[in-house]
Amino acid sequence: MDLAAVVRRLELERLYADYVGCLDADALERWPDFFTRDCFYRVTSAENYEAGMPLGLIRATSRDMLKDRVSALREANIYEPQRYRHLVAPIRIRGEAPAGLEVEANFLVVRTMQDGEMTLFATGRYVDLVVRAGEDWRFATKEVILDSRRIDTLLAIPL
Amino acid sequence: MDLAAVVRRLELERLYADYVGCLDADALERWPDFFTRDCFYRVTSAENYEAGMPLGLIRATSRDMLKDRVSALREANIYEPQRYRHLVAPIRIRGEAPAGLEVEANFLVVRTMQDGEMTLFATGRYVDLVVRAGEDWRFATKEVILDSRRIDTLLAIPL
Amino acid sequence: MDLAAVVRRLELERLYADYVGCLDADALERWPDFFTRDCFYRVTSAENYEAGMPLGLIRATSRDMLKDRVSALREANIYEPQRYRHLVAPIRIRGEAPAGLEVEANFLVVRTMQDGEMTLFATGRYVDLVVRAGEDWRFATKEVILDSRRIDTLLAIPL
(Lines give C-alpha, C1' and ligand atoms only; values in the text may rest on other atoms or scores of the structure.)
Protein backbone atom coordinates (compact mmCIF):
# COMPACT_ATOMS: atom_id res chain seq x y z
CA MET A 1 0.00 0.00 0.00
CA ASP A 2 1.51 3.33 -1.00
CA LEU A 3 0.55 6.84 0.06
CA ALA A 4 -1.98 7.15 -2.77
CA ALA A 5 -3.78 4.02 -1.58
CA VAL A 6 -3.76 5.30 2.00
CA VAL A 7 -5.20 8.63 0.94
CA ARG A 8 -7.89 6.94 -1.11
CA ARG A 9 -8.85 4.82 1.85
CA LEU A 10 -9.22 7.88 4.07
CA GLU A 11 -11.18 9.69 1.37
CA LEU A 12 -13.65 6.81 1.37
CA GLU A 13 -14.06 7.06 5.12
CA ARG A 14 -14.74 10.73 4.62
CA LEU A 15 -17.36 9.95 1.96
CA TYR A 16 -19.28 7.65 4.31
CA ALA A 17 -18.97 10.09 7.20
CA ASP A 18 -20.33 12.92 5.05
CA TYR A 19 -23.08 10.68 3.68
CA VAL A 20 -24.48 9.65 7.05
CA GLY A 21 -23.84 13.12 8.44
CA CYS A 22 -26.14 14.46 5.71
CA LEU A 23 -28.87 11.94 6.56
CA ASP A 24 -28.61 12.39 10.32
CA ALA A 25 -28.84 16.17 9.91
CA ASP A 26 -32.01 15.66 7.85
CA ALA A 27 -30.32 17.61 5.03
CA LEU A 28 -32.06 15.43 2.48
CA GLU A 29 -31.88 18.05 -0.26
CA ARG A 30 -28.11 17.44 -0.38
CA TRP A 31 -28.48 13.66 -0.36
CA PRO A 32 -28.74 13.12 -4.16
CA ASP A 33 -25.42 14.96 -4.60
CA PHE A 34 -23.64 11.91 -3.20
CA PHE A 35 -24.66 9.93 -6.30
CA THR A 36 -23.74 9.93 -9.96
CA ARG A 37 -26.30 11.17 -12.48
CA ASP A 38 -27.19 7.64 -13.64
CA CYS A 39 -26.79 5.93 -10.28
CA PHE A 40 -28.50 2.82 -9.03
CA TYR A 41 -29.86 3.02 -5.48
CA ARG A 42 -31.81 0.34 -3.73
CA VAL A 43 -32.95 -0.58 -0.23
CA THR A 44 -33.71 -4.27 0.06
CA SER A 45 -33.65 -7.14 2.54
CA ALA A 46 -30.77 -9.58 2.82
CA GLU A 47 -33.24 -12.32 1.95
CA ASN A 48 -34.18 -10.66 -1.35
CA TYR A 49 -30.61 -9.70 -2.12
CA GLU A 50 -29.30 -13.23 -1.68
CA ALA A 51 -32.15 -14.66 -3.75
CA GLY A 52 -31.23 -12.27 -6.57
CA MET A 53 -34.64 -10.60 -6.45
CA PRO A 54 -34.47 -7.34 -8.39
CA LEU A 55 -37.14 -5.52 -6.42
CA GLY A 56 -36.52 -3.30 -3.44
CA LEU A 57 -38.34 -1.26 -0.85
CA ILE A 58 -36.83 1.76 -2.49
CA ARG A 59 -35.37 1.62 -5.98
CA ALA A 60 -34.01 4.42 -8.12
CA THR A 61 -32.05 4.37 -11.35
CA SER A 62 -30.98 8.02 -11.52
CA ARG A 63 -30.10 10.98 -9.36
CA ASP A 64 -33.28 12.70 -10.54
CA MET A 65 -35.36 9.89 -9.07
CA LEU A 66 -33.62 10.48 -5.76
CA LYS A 67 -34.50 14.17 -5.96
CA ASP A 68 -38.12 13.29 -6.67
CA ARG A 69 -38.15 11.06 -3.64
CA VAL A 70 -36.89 13.85 -1.42
CA SER A 71 -39.55 16.22 -2.78
CA ALA A 72 -42.24 13.64 -2.13
CA LEU A 73 -40.95 13.09 1.40
CA ARG A 74 -40.99 16.80 2.14
CA GLU A 75 -44.54 17.25 0.81
CA ALA A 76 -45.88 14.19 2.61
CA ASN A 77 -44.30 15.28 5.86
CA ILE A 78 -47.00 13.77 8.01
CA TYR A 79 -44.97 11.72 10.43
CA GLU A 80 -43.88 12.96 13.81
CA PRO A 81 -40.43 14.50 14.08
CA GLN A 82 -37.68 12.02 14.70
CA ARG A 83 -33.93 11.77 14.62
CA TYR A 84 -31.69 9.16 13.09
CA ARG A 85 -28.14 8.28 14.08
CA HIS A 86 -26.00 6.16 11.78
CA LEU A 87 -23.01 4.23 13.01
CA VAL A 88 -20.84 2.93 10.17
CA ALA A 89 -17.96 0.54 10.82
CA PRO A 90 -16.08 -1.22 9.52
CA ILE A 91 -15.68 -0.05 5.94
CA ARG A 92 -13.73 -2.23 3.52
CA ILE A 93 -12.65 -2.05 -0.09
CA ARG A 94 -13.67 -5.38 -1.59
CA GLY A 95 -12.22 -4.88 -5.02
CA GLU A 96 -11.17 -2.55 -7.75
CA ALA A 97 -13.25 -2.67 -10.90
CA PRO A 98 -12.41 -0.64 -13.99
CA ALA A 99 -15.55 1.34 -13.19
CA GLY A 100 -14.49 2.16 -9.64
CA LEU A 101 -14.10 0.73 -6.16
CA GLU A 102 -16.33 -1.94 -4.68
CA VAL A 103 -16.87 -0.97 -1.08
CA GLU A 104 -18.81 -2.64 1.72
CA ALA A 105 -19.67 -1.20 5.11
CA ASN A 106 -21.66 -2.36 8.12
CA PHE A 107 -24.21 0.09 9.48
CA LEU A 108 -26.60 0.45 12.38
CA VAL A 109 -29.30 3.11 12.65
CA VAL A 110 -30.98 4.22 15.85
CA ARG A 111 -34.21 6.23 15.68
CA THR A 112 -35.18 8.66 18.41
CA MET A 113 -38.77 9.85 18.58
CA GLN A 114 -39.98 13.24 19.75
CA ASP A 115 -40.69 11.90 23.23
CA GLY A 116 -37.12 10.63 23.51
CA GLU A 117 -37.76 6.95 22.92
CA MET A 118 -34.82 5.25 21.16
CA THR A 119 -35.21 2.23 18.90
CA LEU A 120 -32.76 0.03 17.09
CA PHE A 121 -34.18 0.93 13.69
CA ALA A 122 -32.04 -0.95 11.18
CA THR A 123 -28.83 -2.89 10.74
CA GLY A 124 -27.23 -4.19 7.59
CA ARG A 125 -24.53 -3.44 5.10
CA TYR A 126 -23.89 -1.15 2.19
CA VAL A 127 -22.64 -2.79 -1.00
CA ASP A 128 -21.49 0.08 -3.17
CA LEU A 129 -19.64 1.01 -6.31
CA VAL A 130 -17.80 4.25 -5.70
CA VAL A 131 -16.34 6.36 -8.51
CA ARG A 132 -14.18 9.43 -8.83
CA ALA A 133 -15.94 12.71 -9.58
CA GLY A 134 -13.24 15.36 -9.78
CA GLU A 135 -11.91 15.87 -6.26
CA ASP A 136 -14.73 13.84 -4.74
CA TRP A 137 -16.08 10.33 -4.76
CA ARG A 138 -19.67 9.48 -5.62
CA PHE A 139 -21.90 6.43 -5.41
CA ALA A 140 -22.52 4.90 -8.84
CA THR A 141 -24.30 2.02 -7.10
CA LYS A 142 -25.53 1.88 -3.54
CA GLU A 143 -27.34 -1.18 -2.24
CA VAL A 144 -28.66 -0.90 1.30
CA ILE A 145 -29.12 -4.48 2.43
CA LEU A 146 -31.18 -4.76 5.60
CA ASP A 147 -30.75 -7.69 7.96
CA SER A 148 -34.42 -7.61 8.90
CA ARG A 149 -37.35 -8.06 6.57
CA ARG A 150 -39.70 -6.54 9.11
CA ILE A 151 -39.65 -3.03 7.77
CA ASP A 152 -41.17 -0.02 9.37
CA THR A 153 -43.52 1.83 7.03
CA LEU A 154 -41.52 4.96 7.75
CA LEU A 155 -38.76 3.50 5.66
CA ALA A 156 -39.54 5.98 2.95
CA ILE A 157 -36.56 7.73 4.57
CA PRO A 158 -33.19 7.23 2.85
CA LEU A 159 -30.64 5.02 4.51
CA MET B 1 -3.80 14.96 1.40
CA ASP B 2 -0.12 14.46 2.27
CA LEU B 3 1.46 12.15 4.82
CA ALA B 4 1.19 14.76 7.57
CA ALA B 5 -2.57 15.03 7.01
CA VAL B 6 -2.89 11.25 7.02
CA VAL B 7 -0.97 10.97 10.27
CA ARG B 8 -3.05 13.70 11.86
CA ARG B 9 -6.22 11.90 10.87
CA LEU B 10 -5.02 8.65 12.48
CA GLU B 11 -3.91 10.53 15.59
CA LEU B 12 -7.45 11.83 15.95
CA GLU B 13 -8.85 8.31 15.70
CA ARG B 14 -6.42 7.34 18.40
CA LEU B 15 -7.60 10.24 20.57
CA TYR B 16 -11.23 9.13 20.36
CA ALA B 17 -10.30 5.50 20.94
CA ASP B 18 -8.31 6.42 24.04
CA TYR B 19 -11.07 8.73 25.25
CA VAL B 20 -13.84 6.14 25.13
CA GLY B 21 -11.44 3.45 26.32
CA CYS B 22 -10.88 5.55 29.44
CA LEU B 23 -14.62 5.94 30.04
CA ASP B 24 -15.47 2.30 29.36
CA ALA B 25 -12.74 1.19 31.76
CA ASP B 26 -14.26 3.48 34.42
CA ALA B 27 -10.85 5.15 34.69
CA LEU B 28 -12.55 8.48 35.37
CA GLU B 29 -9.56 9.91 37.22
CA ARG B 30 -7.74 10.04 33.88
CA TRP B 31 -10.69 11.57 32.04
CA PRO B 32 -9.88 15.26 32.70
CA ASP B 33 -6.44 14.74 31.15
CA PHE B 34 -8.07 14.58 27.73
CA PHE B 35 -9.00 18.26 28.04
CA THR B 36 -7.16 21.55 28.01
CA ARG B 37 -6.88 23.51 31.23
CA ASP B 38 -9.54 26.04 30.20
CA CYS B 39 -11.73 23.62 28.24
CA PHE B 40 -15.43 23.84 27.62
CA TYR B 41 -17.37 20.59 28.13
CA ARG B 42 -21.09 20.20 27.85
CA VAL B 43 -23.67 17.43 27.57
CA THR B 44 -26.89 18.69 26.05
CA SER B 45 -29.81 17.57 23.91
CA ALA B 46 -29.96 18.11 20.16
CA GLU B 47 -33.08 20.15 20.75
CA ASN B 48 -31.29 22.56 23.09
CA TYR B 49 -28.20 22.66 20.91
CA GLU B 50 -30.13 23.59 17.80
CA ALA B 51 -32.11 26.22 19.66
CA GLY B 52 -28.84 27.79 20.83
CA MET B 53 -29.70 27.22 24.48
CA PRO B 54 -26.55 27.69 26.56
CA LEU B 55 -27.52 25.32 29.36
CA GLY B 56 -26.60 21.67 29.53
CA LEU B 57 -27.14 18.60 31.64
CA ILE B 58 -23.49 18.79 32.45
CA ARG B 59 -21.48 21.93 31.87
CA ALA B 60 -17.89 22.68 32.78
CA THR B 61 -15.60 25.54 31.81
CA SER B 62 -12.28 24.18 33.04
CA ARG B 63 -10.39 20.96 33.59
CA ASP B 64 -10.61 21.55 37.34
CA MET B 65 -14.40 21.45 37.13
CA LEU B 66 -14.12 18.08 35.42
CA LYS B 67 -11.90 16.86 38.25
CA ASP B 68 -14.43 18.07 40.80
CA ARG B 69 -17.13 16.18 38.97
CA VAL B 70 -15.16 12.97 39.12
CA SER B 71 -14.54 13.43 42.84
CA ALA B 72 -18.24 14.03 43.43
CA LEU B 73 -19.13 10.94 41.40
CA ARG B 74 -16.73 8.79 43.37
CA GLU B 75 -18.03 10.04 46.71
CA ALA B 76 -21.68 9.69 45.74
CA ASN B 77 -21.12 6.19 44.45
CA ILE B 78 -24.58 5.00 45.35
CA TYR B 79 -25.73 3.49 42.11
CA GLU B 80 -25.39 -0.17 41.28
CA PRO B 81 -22.32 -1.25 39.32
CA GLN B 82 -22.70 -1.00 35.59
CA ARG B 83 -20.62 -1.03 32.44
CA TYR B 84 -20.63 1.27 29.48
CA ARG B 85 -19.53 0.50 25.96
CA HIS B 86 -18.95 3.32 23.48
CA LEU B 87 -19.02 2.79 19.75
CA VAL B 88 -17.66 5.77 17.80
CA ALA B 89 -17.90 5.96 14.02
CA PRO B 90 -17.59 7.74 11.80
CA ILE B 91 -15.24 10.52 12.82
CA ARG B 92 -14.80 13.48 10.49
CA ILE B 93 -12.74 16.64 10.43
CA ARG B 94 -15.22 19.40 9.67
CA GLY B 95 -12.75 22.26 9.43
CA GLU B 96 -9.49 23.77 10.45
CA ALA B 97 -9.68 26.83 12.64
CA PRO B 98 -6.61 28.78 13.72
CA ALA B 99 -7.35 27.43 17.20
CA GLY B 100 -7.41 23.79 16.14
CA LEU B 101 -9.43 21.16 14.33
CA GLU B 102 -13.21 21.03 14.34
CA VAL B 103 -14.11 17.37 14.61
CA GLU B 104 -17.45 15.60 14.67
CA ALA B 105 -18.13 11.98 15.52
CA ASN B 106 -21.23 9.82 15.89
CA PHE B 107 -21.46 7.75 19.04
CA LEU B 108 -23.65 5.12 20.63
CA VAL B 109 -23.43 3.95 24.22
CA VAL B 110 -24.76 0.67 25.59
CA ARG B 111 -25.17 0.23 29.33
CA THR B 112 -24.96 -3.18 30.96
CA MET B 113 -26.30 -3.60 34.48
CA GLN B 114 -24.98 -5.95 37.14
CA ASP B 115 -27.61 -8.56 36.28
CA GLY B 116 -26.52 -8.53 32.64
CA GLU B 117 -29.33 -6.46 31.19
CA MET B 118 -28.18 -4.35 28.22
CA THR B 119 -29.79 -1.04 27.28
CA LEU B 120 -29.27 1.34 24.41
CA PHE B 121 -28.26 4.17 26.72
CA ALA B 122 -27.47 7.09 24.43
CA THR B 123 -26.80 8.07 20.84
CA GLY B 124 -25.66 11.37 19.44
CA ARG B 125 -22.64 13.20 18.17
CA TYR B 126 -19.58 14.89 19.51
CA VAL B 127 -18.87 18.39 18.20
CA ASP B 128 -15.35 19.14 19.32
CA LEU B 129 -12.46 21.52 18.97
CA VAL B 130 -9.24 19.56 19.21
CA VAL B 131 -5.87 21.19 19.77
CA ARG B 132 -2.23 20.15 19.85
CA ALA B 133 -0.66 19.62 23.25
CA GLY B 134 2.92 18.56 22.62
CA GLU B 135 2.84 15.08 21.15
CA ASP B 136 -0.84 14.66 21.97
CA TRP B 137 -4.18 16.17 21.07
CA ARG B 138 -6.61 17.50 23.63
CA PHE B 139 -10.20 18.67 23.67
CA ALA B 140 -10.45 22.45 23.95
CA THR B 141 -14.21 22.12 23.44
CA LYS B 142 -16.31 19.02 23.65
CA GLU B 143 -20.05 19.17 23.11
CA VAL B 144 -21.89 15.90 23.66
CA ILE B 145 -25.17 16.32 21.79
CA LEU B 146 -27.71 13.67 22.67
CA ASP B 147 -30.42 12.65 20.21
CA SER B 148 -32.86 11.99 23.01
CA ARG B 149 -34.08 14.48 25.56
CA ARG B 150 -35.28 11.69 27.80
CA ILE B 151 -32.26 11.50 30.02
CA ASP B 152 -31.54 8.91 32.60
CA THR B 153 -30.80 10.43 35.99
CA LEU B 154 -27.58 8.43 36.02
CA LEU B 155 -26.26 10.76 33.38
CA ALA B 156 -23.96 12.27 35.94
CA ILE B 157 -21.51 9.92 34.26
CA PRO B 158 -19.26 11.49 31.59
CA LEU B 159 -19.93 10.70 27.96
CA MET C 1 4.27 7.93 12.61
CA ASP C 2 5.78 7.12 9.24
CA LEU C 3 4.16 5.62 6.15
CA ALA C 4 4.90 2.07 7.32
CA ALA C 5 3.06 2.71 10.60
CA VAL C 6 0.13 4.22 8.73
CA VAL C 7 -0.08 1.24 6.39
CA ARG C 8 0.08 -1.18 9.31
CA ARG C 9 -2.74 0.64 11.01
CA LEU C 10 -4.93 0.40 7.90
CA GLU C 11 -4.05 -3.26 7.47
CA LEU C 12 -5.32 -3.89 10.98
CA GLU C 13 -8.61 -2.17 10.16
CA ARG C 14 -8.83 -4.41 7.15
CA LEU C 15 -8.21 -7.47 9.30
CA TYR C 16 -11.08 -6.62 11.63
CA ALA C 17 -13.36 -5.75 8.73
CA ASP C 18 -12.62 -9.08 7.05
CA TYR C 19 -13.02 -10.94 10.33
CA VAL C 20 -16.49 -9.64 11.12
CA GLY C 21 -17.45 -9.79 7.45
CA CYS C 22 -16.70 -13.51 7.57
CA LEU C 23 -18.84 -13.99 10.69
CA ASP C 24 -21.74 -11.87 9.45
CA ALA C 25 -21.78 -13.79 6.17
CA ASP C 26 -21.98 -17.04 8.16
CA ALA C 27 -18.83 -18.18 6.33
CA LEU C 28 -17.67 -20.00 9.43
CA GLU C 29 -15.53 -22.46 7.48
CA ARG C 30 -13.16 -19.55 6.74
CA TRP C 31 -13.17 -18.31 10.32
CA PRO C 32 -10.24 -20.43 11.62
CA ASP C 33 -8.03 -19.01 8.86
CA PHE C 34 -7.90 -15.72 10.75
CA PHE C 35 -5.91 -17.42 13.51
CA THR C 36 -2.43 -18.82 13.89
CA ARG C 37 -2.00 -22.57 14.16
CA ASP C 38 -1.38 -22.47 17.92
CA CYS C 39 -3.74 -19.61 18.68
CA PHE C 40 -5.56 -18.89 21.90
CA TYR C 41 -9.23 -17.93 21.52
CA ARG C 42 -11.63 -17.29 24.33
CA VAL C 43 -15.05 -15.78 24.91
CA THR C 44 -15.52 -14.69 28.49
CA SER C 45 -17.29 -12.10 30.62
CA ALA C 46 -15.66 -8.88 31.76
CA GLU C 47 -16.24 -10.05 35.31
CA ASN C 48 -14.27 -13.26 34.78
CA TYR C 49 -11.60 -11.50 32.77
CA GLU C 50 -10.95 -8.90 35.46
CA ALA C 51 -10.90 -11.55 38.17
CA GLY C 52 -8.24 -13.43 36.19
CA MET C 53 -10.46 -16.50 35.87
CA PRO C 54 -9.01 -18.77 33.21
CA LEU C 55 -12.29 -20.31 32.11
CA GLY C 56 -14.43 -19.07 29.28
CA LEU C 57 -17.72 -19.74 27.56
CA ILE C 58 -15.68 -20.77 24.58
CA ARG C 59 -12.02 -21.63 24.88
CA ALA C 60 -9.67 -22.98 22.23
CA THR C 61 -5.91 -23.37 22.20
CA SER C 62 -5.36 -24.16 18.51
CA ARG C 63 -6.75 -23.49 15.08
CA ASP C 64 -7.80 -27.13 14.86
CA MET C 65 -10.03 -26.68 17.90
CA LEU C 66 -11.70 -23.79 16.09
CA LYS C 67 -12.28 -26.02 13.07
CA ASP C 68 -13.81 -28.68 15.31
CA ARG C 69 -16.13 -26.10 16.77
CA VAL C 70 -17.33 -25.05 13.34
CA SER C 71 -17.95 -28.68 12.39
CA ALA C 72 -19.92 -29.24 15.59
CA LEU C 73 -21.96 -26.10 14.95
CA ARG C 74 -22.80 -27.21 11.43
CA GLU C 75 -23.85 -30.66 12.53
CA ALA C 76 -25.90 -29.43 15.47
CA ASN C 77 -27.66 -26.90 13.31
CA ILE C 78 -30.89 -27.02 15.26
CA TYR C 79 -31.51 -23.36 15.93
CA GLU C 80 -33.64 -21.18 13.73
CA PRO C 81 -31.89 -19.16 11.04
CA GLN C 82 -30.61 -15.82 12.22
CA ARG C 83 -28.30 -13.05 11.11
CA TYR C 84 -25.60 -11.22 13.00
CA ARG C 85 -24.22 -7.77 12.36
CA HIS C 86 -20.97 -6.67 13.96
CA LEU C 87 -20.07 -3.05 14.42
CA VAL C 88 -16.42 -2.55 15.39
CA ALA C 89 -15.09 0.86 16.42
CA PRO C 90 -12.82 2.17 17.61
CA ILE C 91 -9.78 -0.02 17.09
CA ARG C 92 -6.56 0.89 18.86
CA ILE C 93 -3.03 -0.44 19.01
CA ARG C 94 -2.23 -0.70 22.70
CA GLY C 95 1.34 -1.77 22.38
CA GLU C 96 4.03 -3.51 20.42
CA ALA C 97 5.32 -6.72 21.87
CA PRO C 98 8.18 -8.70 20.32
CA ALA C 99 5.54 -11.29 19.47
CA GLY C 100 3.27 -8.87 17.65
CA LEU C 101 0.80 -6.03 18.14
CA GLU C 102 -1.54 -5.75 21.09
CA VAL C 103 -4.81 -4.48 19.71
CA GLU C 104 -8.09 -3.62 21.37
CA ALA C 105 -11.41 -2.91 19.71
CA ASN C 106 -14.94 -2.19 20.90
CA PHE C 107 -17.69 -4.22 19.31
CA LEU C 108 -21.46 -4.48 19.27
CA VAL C 109 -23.45 -7.33 17.75
CA VAL C 110 -27.09 -7.19 16.71
CA ARG C 111 -28.97 -10.41 16.06
CA THR C 112 -31.90 -10.55 13.66
CA MET C 113 -34.25 -13.52 13.83
CA GLN C 114 -36.09 -15.10 10.93
CA ASP C 115 -39.24 -13.12 11.73
CA GLY C 116 -37.28 -9.86 11.56
CA GLU C 117 -36.93 -9.19 15.27
CA MET C 118 -33.69 -7.38 16.11
CA THR C 119 -31.92 -7.73 19.45
CA LEU C 120 -28.87 -6.11 20.94
CA PHE C 121 -27.03 -9.41 21.28
CA ALA C 122 -23.65 -8.54 22.73
CA THR C 123 -21.27 -5.68 23.44
CA GLY C 124 -17.71 -5.79 24.65
CA ARG C 125 -14.15 -5.54 23.51
CA TYR C 126 -11.59 -7.63 21.75
CA VAL C 127 -8.17 -7.88 23.41
CA ASP C 128 -5.93 -9.42 20.79
CA LEU C 129 -2.39 -10.23 19.89
CA VAL C 130 -1.97 -9.86 16.15
CA VAL C 131 1.02 -11.23 14.25
CA ARG C 132 2.39 -11.10 10.74
CA ALA C 133 1.72 -14.09 8.52
CA GLY C 134 3.32 -13.32 5.17
CA GLU C 135 1.27 -10.57 3.55
CA ASP C 136 -1.50 -10.92 6.10
CA TRP C 137 -2.07 -10.53 9.80
CA ARG C 138 -3.47 -13.24 12.01
CA PHE C 139 -4.76 -13.51 15.56
CA ALA C 140 -2.30 -15.29 17.83
CA THR C 141 -4.57 -14.45 20.76
CA LYS C 142 -8.13 -13.27 20.66
CA GLU C 143 -10.08 -12.61 23.84
CA VAL C 144 -13.71 -11.69 23.37
CA ILE C 145 -14.68 -9.95 26.59
CA LEU C 146 -18.42 -9.54 26.97
CA ASP C 147 -19.88 -6.72 29.06
CA SER C 148 -22.81 -8.87 30.08
CA ARG C 149 -22.65 -12.12 32.00
CA ARG C 150 -26.18 -13.00 30.96
CA ILE C 151 -25.31 -15.14 28.00
CA ASP C 152 -27.68 -16.52 25.45
CA THR C 153 -27.31 -20.27 25.10
CA LEU C 154 -26.90 -19.70 21.39
CA LEU C 155 -23.49 -18.29 22.10
CA ALA C 156 -21.93 -21.36 20.62
CA ILE C 157 -21.56 -19.02 17.66
CA PRO C 158 -18.15 -17.35 17.25
CA LEU C 159 -17.83 -13.67 18.04
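Proteins get letters first, then strands, A, B, ... in listed order; numbering begins at 1 in each.
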Checking the side chain of [X] only, and the main-chain atoms of [Y] only, is there a donor and an acceptor separated by less than 3.5 Å?
X	Y	answer
B:Asn106	A:His86	yes
B:Arg149	A:Gln114	yes
A:Arg14	B:Ile93	yes

**Complete:** A:Arg132 meets the salt bridge (Lys or Arg N to Asp or Glu O under 4.0 Å) criterion, sequence neighbours left out, with A:Glu11
Nearest-0.5 Å distance, [atom1] of residue [X] to [atom2] of residue [Y]:
X	Y	atom1	atom2	answer
A:Leu87	B:Thr123	CG	OG1	8.0 Å
B:Arg92	A:Leu10	CZ	CG	15.5 Å
A:Met118	B:Leu120	CE	CG	4.5 Å

Please flag which part of [X] lies under 4.5 Å from any non-hydrogen atom of chain B: side chain, backbone, both or neither.
X	value
A:Leu3	side chain
A:Asp24	side chain
A:Ile91	neither

**Request:** Would you please test A:Glu13 and B:Arg9 for salt bridge (charged side-chain N to carboxylate O under 4.0 Å, His left out) and show each step?
**Result:** CA-CA 11 Å; A:Glu13 286 187 14; B:Arg9 159 82 208 185; 3.2 Å; yes
**Residue pair A:Arg83, B:Asp147: steps toward the salt bridge (charged side-chain N to carboxylate O under 4.0 Å, His left out) verdict** = CA-CA 7 Å; A:Arg83 292 178 192 282; B:Asp147 292 326; 5.3 Å; no
**Item:** Portion of B:Glu47 that has a non-hydrogen atom of chain A nearer than 4.5 angstrom
**Value:** both
**Request:** Please flag which part of B:Ala46 lies under 4.5 Å from any non-hydrogen atom of chain A: side chain, backbone, both or neither.
**Result:**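 Both backbone and side chain.
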**Request:** State, to 0.1 Å, how close A:Gly116 and B:Ser148 come at their nearest heavy-atom pair, and which atoms those are.
**Result:**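 Nearest heavy atoms, A:Gly116 then B:Ser148: O-OG, 2.6 Å.
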**Asked** Tell me, do B:Leu108 and A:Arg85 make a side-chain contact under 4.5 Å, heavy atoms counted?
**Response**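 B:Leu108 vs A:Arg85: side chains apart.
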**Asked** Looking at A:Ala89, A:Pro90, A:Ala17, A:Gly21, which has the largest count of heavy-atom pairs under 4.5 Å with chain B?
**Response** A:Ala17
